[in-house]
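Have a look at the structure below, then the notes.
Each chain gets a letter, A, B and so on, in the order its sequence line appears, and its residues count up from 1.
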Amino acid sequence: MPVPKKHSPAMQEKYLPSEIEQAAQAHWNTTQAFRAIEDAGSPNPRPKYYCLSMFPYPSGKLHMGHVRNYTIGDVLSRYHRMRGFNVMQPMGWDAFGLPAENAAMQNNVPPAKWTWDNIAYMKQQLQSLGFAIDWKRELATCAPDYYQWNQWLFLRMLEKGIAYKKTQVVNWDPVDQTVLANEQVIEGRGWRTGAEVEKREIPGYYLAITKYADELLSALDTLPGWPERVKTMQANWIGRSTGVRFAFPYELDGKQEKLWVFTTRADTIMGVTFCAVAAEHPLATHAAKHNPKLAAFIDECKHGSVMEADMATMEKKGMPTGIFVDHPLTDDKVEVWVGNYVLMSYGEGAVMAVPAHDERDFEFAKKYGLAIKQVVAVEGETFSLDGWQEWYADKQRGRCVNSGKYDGLGLEDATAAIAADLAARGLGATQVQYRLRDWGVSRQRYWGCPIPLIHCDGDGTAAGCGTVPVPDEQLPVRLPEDCVPDGSGNPLAKRADFVDCACPRCGKPARREIDTMDTFVDSSWYYARFCAPDASAMVDARTNYWMPVDQYIGGIEHAILHLLSSRFWTKVMRDLGLVNYDEPFANLLTQGMVLNHIFSRRNDRGGIEYFAPDEVELQRDEGGHVVGATSKADGQPVDDGGVGTMSKSKRNGVDPQSLIDEFGADTARFFMMFASPPEQTLEWSDSGVEGAYRFLRRVWAFGHASQTAVAAQPPMPAELPEQLAAVRREIHLLLKQANYDLAKFQFNTVASAAMKMLNSLEKAPRHAGHGAVITEGFGILLRLLSPITPHLCHALWIELGYGDDIIKAPWPEPVAAALVQDEEELVLQVNGKHRGSIRVRVGADRTAIEAIALGSEAALKFMESKSAKKVVVVPGRLVNIVV
RNA sequence: GCCCGGAUGGUGAAACUGGUAGACACAAGGGACUUAAAAUCCCUCGGCCGCAAGCCAUGCGGGUUCGAUUCCCGCUCCGGGCACCA
C-alpha cells in the first residue's frame, strides 16, 4: 500500500485549487480508495451501502443537473464511508438514444463514434470533480457485453409470454417516411420537415407490465424510503379501478355481436344515450364502408399526434355511424358514434356515454344535440341543461333517479345491483382495470439494442417458420457501429450484412428484425449489472450482496417511467430466479431539476430551432427585467420560452467546465450544495459562485494561520473562559444540527453550518484554551465539510497533522459536555405578539418560568394591567401570556 | 385536460415537522487599508416612519389556533410527468 503523499513541509499560503485537487485525486487513485469489494465473508463485515446516481446520457458535456445529481450522491457516499459503511458508488453510461442519431445527421459522424467520444470527455469531467467512484465497475449500455443481456432476458420474457407482439400506433412523418418520437412532433408537425404528422399502425413488441400491476401498486407500501409524492404518482399512473365491463348487444349482417365497454360509473347506466368508439374500432371501419363522409372523418381522426396531452386538450369531435346497439338492461336502441377522443389502445376502444354525469360526454352531447338524461340526483341541487355543474359527477352524495328499480341507491349499491343484473343476462361482470398499459419496446431506430428475432418468410414454395428467436449461443446480435442515419428511417434496413441471415430453425434465407429496443430497457437493470460488471451471466451472487440500492438519486422527471420500468424488470428477474430481492431501490432521493431559460425560433419549414443562452443577447428595461432577446449571430429576435429543465434538445444546458476551470471542483460542488435543498428546482444563475470560492479561501487561510496551534495538539482544559466556552458550545450545537440536516439530505444548511463554524472560530478570543478550541473545532469543520469539498479538506487534514487520510477519519459527534449551559433565553409573547425576552435557569419548572415572565418589564407594559387569562409555556422556546 | 410538486427581501434561501420570519450567503451602498487596483476587513441592507416606539409583511382570499411560512378550504401563477427525450 503506497504511503499517502504529503505536501511540501512549507504549506502554501494561497489556496490553489487545481494543485490541491490534482494531488488529492492522485492520492485516491494510487490508494484505490474507492474500490468497492464485497466483504460479506470477513469476520466483521461492515454494513454495505450501495449509493447510485442515475447514470448520464453521454450528450457531450456534463451539465449542471449532472453536477448537482452526482455531488449529492458523492456527499452521501463519502459521509457513509466515514460512518463505517462499505460503500459502492459506480458510474456508467446510458449510451443508446436519439440525440446520437441527430448528431450523426448534423455532423455526418456515426452515432457510435460520437457516443464513445462523448463518454471519454465526460468521464474526464467526472474525474476532475473528484467523485468517489469505483471506476472499475464502469459500463456503457451500447457495449455488446451489456446489451446482450437485454436480448437474453427479452427471449426469456418471450418464452414466458411476458413479451408479445401486437400493433402499435406511431407518429409518422410522411415526408421523411419515418417514425417520429413524441418530442420530434411540434404542434402536430414533424420537427425537421414541418409536415403534418399522421398516426400509423405498425407491428411491435410489448412487455406485459400489466401482469405485475397489482404487485407494483401494493409493493409501494414496502418502500418507506421513497418520497410520498413519487409513490402517489406511481399509484395514480397504475390507476387501479374497480368497475364493470359489459356489452351492448347488436345484430350486424345477420350476426349477433357485442360492443364491449368498461365503466367505473355503472350506477349511471340508465342514463346512457349513446356510445362512442375509436376511429380504429371494427364497428367504425364497418360503418365507414358505405359512408364516405364517415370514412373521411375517420381519416381525419387518424391525423395528429398520439400524445395523451394532445388528445386531452384537442377539440372533441364525433360522427354517428348509423349503427344502433341495444341497451343491455332496457333494450332501448343506442346509437354508436365515432369519437376522436376515444383511444383504441385504451380498454375496449369504446365507451358508454352518459352526458348527464360525465363532463366530456355532457359537452359532446350539447355540441351534437344528443339526449341528456339525468339519472343521479343530489338533495338540494337542481339539474339543469344550461351548464355543467360539479355535483353531476358526485360519487358520494349522488342517488339514482329515473332508473327504475335502482332508484334511491348510492354508487356502491347501484353498481353492485347493476353488475348482478348484467351478469344474469350474460352481458357483463365486475372487473378490476388498470390505467397502466403494457410497455411497447419496439423502436424504429438504429442506435439501440437490436431485438433478437429473425423473420423466416419462406421461399415461395414453402411457408416459412415465421418469427424465430435468435438462439442464445448466437447472442449478442451485434449492432453495426458504422451506420450514419439520415433521418429517412432506420439505416439498418439498408444493411444487407445485418438483415440477411439464415433461419435458425430451417436454415433457409431469412431477415433479421431491424427494430431496436426502447432505451428504457437499458436503464431498467444497469444498477444490477454494476454489482457484477464482468459476470459471464447477466448477474451473479455479488448482485445479491449489493442489492437493493441503498440510496438512489436522480431527477424527479423519472418519477414514473424509469422507476416503474426498473421495478417491473426487477420482478421479472426475480421470477426467473436471477435475483433474490423484490424491489431495486430501497431509498430514493428525487432531486429537483436545474432550470434555465429556453430560447427558440420557428424556422422557415415550420420546425423549431433552439438557441443556447450564450448565443442570445437579452434586452432589459430600466428595472433590469428581461423584455426580449435577440440572436447574437444574426441580431434577429428570438422567443423567450420561459424557464425549463436543462436539456440537450432545448439547448439550454450550462456547461460546468468553465466554473471548474476558474474556481476548481470544490467550489462547484460547494455552490451546488449550498444553492438550495436537493429536492427543490434550481433556476440557474452564475452569481453566488464567487461567494463559495471566497469561503473556501477563508477556510484555507484559517488553516494556514492555525498550523502551529493545531500542530501542538493542545488538550481541552477542564474549564474554559466563558467566551471560549460559548464558541465551543456553538460549534457542537452547529454539528448537532448539521448531523440532523444530513439525515434529512438538507445539504444547503450543512454548508451553512460549516460557514457559521468558520465565522465562530475566526472570532474566538485568544484566551487560554484558544488553541484547544480551534484545534477541536477546525477538526470538526474539516470532517463536516469533507463530503462536500473533499480535496480542500484532504489537503488541510494532512497539512495540519490531523491524520494521514481524512476519508478514514471517524465522523464527528457533538460532545454533551460542550453543550451544557446554565441559563437560556425564552421569547416573551403577549397575545401571541413578540414583546421581548426573559432569561431563565435551564430546567426551571413551569411555575418559576411563569413568575419570571409575569414579572418582566415587557409583560407589565403590554398586559396593560389586565390579568393573564392563560400562560402558554413552551420549554426552551417561549412564554405566551394571553390577557 | 389529467396526475404530482412549488411560490418567503433586489437574489439564492433559513425557520429544529404549529412557537422570535428572513439564519447563512449573493448583489447593492458606505467606510478602513493601499500611490492605485485587486484581495482582505468593518458597517448598513423587507416595507411604512427623520430615529425610536409601533404598525404592516411569507403568491391571493377565507378558516382553525393563545400563536400559522408550517394545518384546512377556495383560487392565481410557475415547474415536472402524461407512455417514442432521457
Side-chain angles (χ1 to χ4, degrees), chain A residues 54 56-57 59 94 97-99 168 170-171 179-185 227-230 232-233 235-237 239 306-314 345 359-360 435-445 518-520 523 555-562 564-565 590 592-593 595 623-624 642-645 647-650 674-677 679-683 685 687-692 694-695 697-698 701 736-737 740-741 744 746 748-749 751-756 759 825-837 869-872 874 877-883:
Chain A
M54 290 180 185
Y57 178 79
S59 56
D94 190 11
L98 203 51
Q168 51 179 351
V170 296
N171 302 303
V179 176
L180 296 178
N182 281 340
E183 76 153 8
Q184 297 174 314
V185 180
E228 226 32 69
R229 62 164 156 159
V230 173
T232 308
M233 280 191 254
N236 290 340
W237 183 262
V306 300
M307 281 179 264
E308 191 191 298
D310 292 339
M311 301 295 289
T313 48
M314 72 187 177
S345 48
E359 189 167 7
R360 192 172 57 184
R435 206 188 73 94
L436 181 70
R437 308 199 301 260
D438 278 345
W439 174 12
V441 291
S442 295
R443 296 292 179 269
Q444 296 67 44
R445 301 195 200 296
D518 180 2
T519 56
F520 273 120
S523 55
I556 183 65
E557 73 275 21
H558 296 290
I560 296 172
L561 290 181
H562 162 62
L564 195 65
S565 53
T590 46
M593 317 268 302
L595 309 179
V643 292
T645 160
S647 77
K648 179 84 179 159
S649 60
K650 287 177 183 152
F674 181 65
S676 74
E679 305 231 14
Q680 215 159 94
T681 54
L682 174 62
E683 199 173 314
S685 104
S687 71
V689 175
E690 295 256 12
R694 201 173 300 151
F695 167 68
R697 249 181 356 221
R698 270 174 62 210
K736 190 180 170 192
Q737 181 65 42
Y740 179 83
D741 290 348
K744 288 195 304 174
Q746 202 168 302
N748 55 328
T749 51
S752 292
M755 291 175 130
K756 289 176 185 174
N759 289 346
E825 197 170 82
L826 298 185
V827 164
L828 179 70
Q829 294 187 337
V830 178
N831 284 337
K833 291 201 170 180
H834 182 204
R835 296 301 187 187
S837 62
K869 272 191 224 157
K870 183 174 172 184
V871 180
V872 181
V874 182
R877 293 231 160 259
L878 61 68
V879 181
N880 185 17
I881 301 169
V882 185
V883 296

Check: A:Gln829 side chain, B:G19 base, donor-acceptor under 3.5 Å: yes

Under 3.5 Å: donor-acceptor pair, side chain of A:Asn171, backbone of A:Val185: no

Who does B:A38 pair with, Watson-Crick or G-U, both distances under 3.5 Å? none

Would you say a side-chain N or O of A:Gln746 is under 4.0 Å from OP1 or OP2 of B:A15? yes

Selected nucleotide, minimal atom distance to A:Leu878 side chain, candidates B:C4, B:C24, B:U20: B:U20

Does a nitrogen or oxygen in the side chain of A:Arg694 sit under 4.0 Å from OP1 or OP2 of B:C26? yes

Considering only atom P, compute the distance from B:A27 to B:G74 and round it to an integer number of Å. 43 Å

Begin from the C-alpha positions of A:Val306 and A:Gln168 and carry the test side chain to side chain contact (heavy atoms under 4.5 Å, CB included) through to its verdict. CA-CA 11 Å; A:Val306 300; A:Gln168 51 179 351; over 6 Å; no

Between atom NZ of A:Lys869 and atom CD1 of A:Ile881, what is the distance when rounded to the nearest 0.5 Å? 13.5 Å

Nearest-angstrom distance, C1' atom, B:U11 to B:G29: 16 Å

Measuring only the P atom in each nucleotide, how far is B:U44 from B:U8? A whole number of Å is fine. 26 Å

Rounding to a whole Å, what distance do you find between A:Phe695:CZ and B:C26:C1'? 15 Å

For B:A28 versus B:G19, give the span between their P atoms, rounded off to a whole number of Å. 36 Å

Closest of B:A13, B:C85, B:G80 to the A:Asn182 side chain is B:C85

I want to verify a distance call: between B:A83, B:C66, B:A39, whose nearest atom is closest to the A:Val872 side chain? B:C66

Gap in Å between the two C1' atoms, one belonging to B:G61 and one to B:U17, rounded: 26 Å

On a whole-Å scale, what distance lies between the C1' atoms belonging to B:G9 and B:G79? 23 Å

From NE2 of A:His834 across to C1' of B:C66 the rounded distance in Å is 16 Å

Can you tell me, in whole Å, how much space there is between the C1' of B:A83 and that of B:C78? 25 Å

With no angle test and no hydrogens, is the base of B:C66 tied to the side chain of A:Asn880 by a donor-acceptor pair under 3.5 Å? yes

Any strand: nucleotide that pairs with B:C82 via Watson-Crick or wobble, under 3.5 Å: B:G1

Which value, rounded to the nearest 0.5 Å, describes the distance between A:Ser676 atom OG and A:Leu682 atom CG? 4.5 Å

Which nucleotide sits closest to the side chain of A:Val874: B:C66, B:C55, B:G19? B:G19

May I ask you to verify if any side-chain N or O of A:Gln184 is less than 4.0 angstrom from the OP1 or OP2 atom of B:C85? no

Taking atom P in both B:C85 and B:A14, compute the distance separating them and give it to the nearest angstrom. 33 Å

So do A:Lys870 and A:Val883 actually touch side chain to side chain, heavy atoms under 4.5 Å? no

Pairing partner of B:A21, by Watson-Crick or G-U wobble and under 3.5 Å for both distances, is none

Looking at A:Glu183 and A:Lys650, does any basic side-chain N land under 4.0 Å from a carboxylate oxygen? no

Between B:A83 (C1') and A:Trp237 (CH2): distance, integer Å: 4 Å

For a quick test of reading the model: is some side-chain N or O of A:Arg435 closer than 4.0 Å to OP1 or OP2 of B:C3? no

With syn defined as a glycosidic angle within 90° of 0 and anti as everything else, classify B:G67. anti

Any idea which of B:C66, B:A25, B:A13 is nearest the A:Met755 side chain? B:A25

